[in-house]
Amino acid sequence: MAGILTAFNPENGEVLKSFGRTKEAIEDYFASPVAADGKVLLLSHSGKVTVVSAGRNGRFSRSMT
């Protein structure tokens, strides 16, 4: 089910950012996140792609089908 995405500092486990549910991304997600070009891409069961900027200043970018 749609959940919460959390970014951690890999060196010390510090929580950098936590993303709650957004109305644009309420879907069932079963695939592993993919990181590329400073972004994290999530693919939902229905085929919607959700894009989140990676890192400490990360933010929800968009969802598209």
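No side-chain heavy atom of V40 sits less than 4.5 Å from a side-chain heavy atom of V34.
Among residues two or more places apart in sequence or in another chain, the side chain to side chain contact (heavy atoms under 4.5 Å, CB included) test is passed with N12 by N9, E14. With sequence neighbours excluded, the residues satisfying side chain to side chain contact (heavy atoms under 4.5 Å, CB included) with T6 are I4, F8, V15, S18.
The CG atom of L41 sits 8.0 Å away from the NZ atom of K39 when rounded to the nearest 0.5 Å.
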